[in-house]
Amino acid sequence: MTMEDLDLFPAWKQAVKALIDDGLTYGKSVSRARIIELCAIPLPKSIEDVRRFDLQVLHITAEIKDTLLTAHCMLLVSDQSGGYEVIPPADQTRHAIEAGTKAMKREMTRMARGVSFVRSELLTDAQRQQNTDAHAKISKLAGMVLPANRHLMRLVDIETDPGHAKPPSHPKSK
């Protein structure tokens, strides 16, 4: 028995090895079913098993994505049709910034809404002051983060204002 014949544990490590051995590279896709097969995740037999199954697939997929990124510099993302694709290096920075800035904006909005929609009449004076301070700090944070996000998006040529068309780029005249 050689070292190549040994199965890696946990199963997602073996799945990463199999995906690489099968030729997974930039621009290629892998199906959710293939990941389930490689990790030998038993299919759910009952309604109660479905939740366990979905969480297990989610966990294993996250581990595979992380390992492909950190060990092989391959960003594996959802292809919005139930599978995953490896983003080519030329698009990786753009994709990472676009996804990250969207997530930051979504979480900033969620945090602001959570602080804004408080029944202040049920708070003590100290709690109301804490809530007011949180409003101010969130506004200040948003004032720093959102312009920085727009700057990042402009660096990778992502349109930051969907209401305005981007002017066409023209080569410089001599």
Side-chain angles (χ1 to χ4, degrees), residues 1-117 134 137-138 141-142 144-160 162:
M1 179 178 261
T2 66
M3 290 298 283
E4 283 91 31
D5 295 333
L6 294 176
D7 283 343
L8 299 174
F9 185 80
W12 57 264
K13 288 184 179 182
Q14 185 66 35
V16 169
K17 181 182 182 315
L19 289 169
I20 296 298
D21 291 349
D22 290 349
L24 183 68
T25 190
Y26 306 107
K28 299 278 182 152
S29 296
V30 62
S31 69
R32 182 175 189 259
R34 179 74 174 131
I35 290 173
I36 291 166
E37 174 191 329
L38 288 171
C39 295
I41 303 172
L43 295 175
K45 292 180 174 53
S46 67
I47 298 297
E48 295 82 30
D49 285 347
V50 171
R51 183 166 182 251
R52 176 205 50 83
F53 174 80
D54 287 343
L55 287 173
Q56 191 173 9
V57 171
L58 186 65
H59 171 73
I60 283 175
T61 303
E63 294 291 351
I64 290 171
K65 285 178 169 184
D66 187 59
T67 300
L68 284 172
L69 182 61
T70 58
H72 302 280
C73 296
M74 292 184 190
L75 181 61
L76 187 69
V77 300
S78 172
D79 64 6
Q80 304 304 318
S81 66
Y84 304 92
E85 69 175 314
V86 179
I87 300 294
D91 299 328
Q92 189 170 330
T93 300
R94 177 187 175 99
H95 180 82
I97 288 173
E98 188 171 18
T101 55
K102 281 181 182 178
M104 287 171 64
K105 183 177 179 184
R106 183 177 53 248
E107 292 305 317
M108 290 287 295
T109 300
R110 185 177 294 160
M111 180 173 51
R113 288 175 57 91
V115 170
S116 295
F117 292 96
K137 290 187 190 302
I138 290 170
L141 181 61
M144 293 185 300
V145 170
L146 297 179
N149 281 354
R150 284 192 292 275
H151 178 71
L152 275 173
M153 291 173 72
R154 281 192 300 270
L155 283 175
V156 292
D157 207 26
I158 298 171
E159 182 59 47
T160 57

Participant: Drop me the distance from I35's CD1 to I41's CD1, to the nearest 0.5 angstrom.
Facilitator: 8.5 Å
Participant: Partners of D66 by side-chain contact (heavy atoms from CB on, under 4.5 Å), sequence neighbours excluded?
Facilitator: T70
Participant: Work out which heavy atom in R94 is nearest to a heavy atom in V156; give both atom names and the distance.
Facilitator: NH1-O, 3.1 Å
Participant: Could you tell me the separation between the CD atom of Q56 and the CZ atom of R52, rounded to the nearest 0.5 Å?
Facilitator: 5.5 Å
Participant: Side chain to side chain contact (heavy atoms under 4.5 Å, CB included) between H59 and E63: does it pass, once the steps are laid out?
Facilitator: CA-CA 6 Å; H59 171 73; E63 294 291 351; 3.4 Å; yes
Participant: Could you state the interatomic distance from CE (M108) to CG (L141), rounded to the nearest 0.5 Å?
Facilitator: 4.0 Å
Participant: Got a list of side-chain donor-acceptor pairs under 3.5 Å for residues 73-84, not counting sequence neighbours?
Facilitator:
{"from": "S78", "atom 1": "OG", "to": "Q80", "atom 2": "N", "distance (Å)": "3.1"}
{"from": "D79", "atom 1": "OD1", "to": "S81", "atom 2": "N", "distance (Å)": "2.9"}
{"from": "D79", "atom 1": "OD1", "to": "S81", "atom 2": "OG", "distance (Å)": "2.9"}
{"from": "D79", "atom 1": "OD1", "to": "G83", "atom 2": "N", "distance (Å)": "2.9"}
{"from": "D79", "atom 1": "OD2", "to": "S81", "atom 2": "OG", "distance (Å)": "3.3"}

Participant: Atom CD1 of I87 and atom OG1 of T93: how far apart are they, to the nearest 0.5 Å?
Facilitator: 11.5 Å
Participant: Can you name the nearest heavy-atom pair linking A15 to C39, along with the distance?
Facilitator: CB-SG, 3.6 Å
Participant: Flag yes if more than 12 heavy atoms outside L55 fall under 6.0 Å of its CG atom; otherwise flag no.
Facilitator: yes
Participant: Please round to the nearest 0.5 Å and tell me the distance separating atom CG of N149 and atom NZ of K102.
Facilitator: 12.5 Å
Participant: Roughly how far, to the nearest 0.5 Å, is the OH atom of Y26 from the NE2 atom of H72?
Facilitator: 9.5 Å
Participant: Does a side-chain heavy-atom distance below 4.5 Å link I20 with L68?
Facilitator: yes
Participant: Tell me whether K28 at atom NZ has more than 12 heavy atoms from other residues, nucleotides or ligands lying less than 6.0 Å away.
Facilitator: no
Participant: Give the minimum heavy-atom separation between P147 and A142, together with the two atoms involved.
Facilitator: CD-O, 3.6 Å
Participant: Is the shortest side-chain heavy-atom distance between I64 and L19 below 4.5 Å?
Facilitator: yes
